[in-house]
Amino acid sequence: QVQPVESGGGSVQAGGSLRLSCAASGYTYSNFCMGWFRQVPGKEREGVATIDSITGKEYADSVKGRFTISQDYAENTLYLQMNNVKPEDTAMYYCAIRRSAGNCFASIVAGSFDYWGQGTQVTVSS
């Protein structure tokens, strides 16, 4: 059973940095789609960044140049480095995994994934 566990959230001032981690023990599929989405109560899910084993990395326009997604294959851990954060980045951040590759970012936005974590809260103050 794959159970992603997010960590690294917290409170930070605008312009600061955070690094989110998602430990996905038990996940050994060679084809994959992994990524981060965020959600604010009352608003729709927003895709943040994804890694796809076929198509590579993709980012939301709102975070391009500020956030970086990466993966440690040996540790089965997904990361999201968040730099120059803004108040509008405040949200609960979730890690999601889909067992198949292709069209990853759109799939995460649509909620088409097989595993997801409990989320980690990020709060950015101005």
Side-chain angles (χ1 to χ4, degrees):
Q1 179 70 23
V2 177
Q3 179 57 59
V5 178
E6 303 96 336
S7 62
S11 297
V12 62
Q13 288 193 325
S17 298
L18 280 175
R19 189 192 195 200
L20 306 185
S21 299
C22 172
S25 61
Y27 188 76
T28 58
Y29 298 95
S30 57
N31 291 321
F32 60 85
C33 154
M34 305 177 73
W36 295 90
F37 68 90
R38 62 191 182 188
Q39 195 156 20
V40 176
K43 294 189 176 181
E44 293 187 353
R45 181 186 306 111
E46 179 185 10
V48 177
T50 56
I51 292 180
D52 185 289
S53 59
I54 295 177
T55 60
K57 300 179 182 180
E58 190 170 353
Y59 296 90
D61 288 342
S62 59
V63 307
K64 281 181 181 177
R66 300 188 298 121
F67 292 8
T68 303
I69 190 170
S70 62
Q71 185 180 23
D72 185 326
Y73 293 93
E75 298 294 328
N76 280 341
T77 302
L78 185 71
Y79 298 101
L80 184 70
Q81 178 66 42
M82 306 169 62
N83 295 331
N84 190 25
V85 295
K86 302 176 181 180
E88 51 263 44
D89 294 322
T90 295
M92 185 73 80
Y93 283 71
Y94 298 88
C95 168
I97 300 172
R98 194 186 71 193
R99 292 191 296 262
S100 58
N103 204 27
C104 186
F105 192 91
S107 296
I108 297 297
V109 172
S112 177
F113 39 81
D114 301 298
Y115 311 104
W116 62 96
Q118 295 298 311
T120 185
Q121 177 69 37
V122 172
T123 303
V124 182
S125 57
S126 58

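Just so it is clear, the values below take in all heavy atoms, side chains as well, and ignore hydrogens, waters and symmetry mates.
The CH2 atom of W116 sits 9.0 Å away from atom CD of Q3, with the distance rounded to the nearest 0.5 Å. Distance check, rounded to the nearest 0.5 Å: SG of C33 to CZ of F105 gives 10.5 Å. In this structure, Y79 OH and R19 CZ are separated by 5.0 Å, a value rounded to the nearest 0.5 Å. In this structure, F32 CZ and I97 CD1 are separated by 9.5 Å, a value rounded to the nearest 0.5 Å. In this structure, M92 CE and T123 OG1 are separated by 9.0 Å, a value rounded to the nearest 0.5 Å. A distance of 3.5 Å separates OH of Y93 from CE of M82, quoted to the nearest 0.5 Å.
Side-chain contact, N31 with S100: no donor N or O sits under 3.5 Å from an acceptor N or O.
Heavy atoms only, all atoms of each residue included: K64 and D61 are closest at NZ-OD1, 3.1 Å. For the pair A91 and Q39, the tightest heavy-atom approach, listed with the atom from each and the gap, is CB-O, 3.7 Å. Considering every non-hydrogen atom in both T90 and V40, the closest pair reads O-CG2, 3.4 Å. Residue N84 comes nearest to R66 through the heavy atom pair O-NH1, 3.0 Å, listed as atom of the first residue, atom of the second, then distance. Taking each heavy atom of R98 and S112 in turn, the nearest pair found is CD-O, 3.3 Å. Between S70 and L78, the shortest heavy-atom contact is O-CD1, 3.4 Å.
Residues I108 and V122 do not share a hydrophobic cluster, clusters being chains of Ile/Leu/Val/Met/Phe/Trp/Tyr side chains in contact below 4.5 Å. F113 is not connected to V48 by any chain of hydrophobic side-chain contacts under 4.5 Å among Ile, Leu, Val, Met, Phe, Trp and Tyr, and they are in different clusters. If you chain together hydrophobic residues whose side chains sit under 4.5 Å apart, I54 and Y73 never meet in one group.
Side-chain atoms of D72 come within 3.5 Å of backbone atoms of E75 as a donor-acceptor pair (strictly under, hydrogens ignored). Under the 3.5 Å distance criterion, the side-chain polar atoms of Q81 are left unmatched by any main-chain donor or acceptor of T68. Between the side chain of Y94 and the backbone N or O of E6 there is no donor-acceptor pair closer than 3.5 Å. The closest donor-acceptor contact from the side chain of D52 to the backbone of G102 lies under 3.5 Å. A donor-acceptor pair under 3.5 Å links the side-chain atoms of T120 to the main chain of G9, judged by distance alone.
Salt-bridge annotation for K86 and D89: absent, with no side-chain N of the basic residue lying under 4.0 Å from a carboxylate O of the acidic one.
Looking only at side-chain heavy atoms (C-beta outward), M34 and P4 stay at 4.5 Å or farther from each other. Residues V63 and R38 form a side-chain contact, since some pair of their non-hydrogen atoms from C-beta on lies under 4.5 Å apart. The shortest side-chain heavy-atom distance between F37 and V109 does not fall under the 4.5 Å cut-off.
The environment of CD in Q118 is sparse: at most 12 heavy-atom neighbours from other residues, nucleotides or ligands sit within 6.0 Å.
Pairs of residues two or more places apart, or lying in two chains, that qualify as salt bridge (charged side-chain N to carboxylate O under 4.0 Å, His left out) and include a residue from residues 105-126 are R99-D114.
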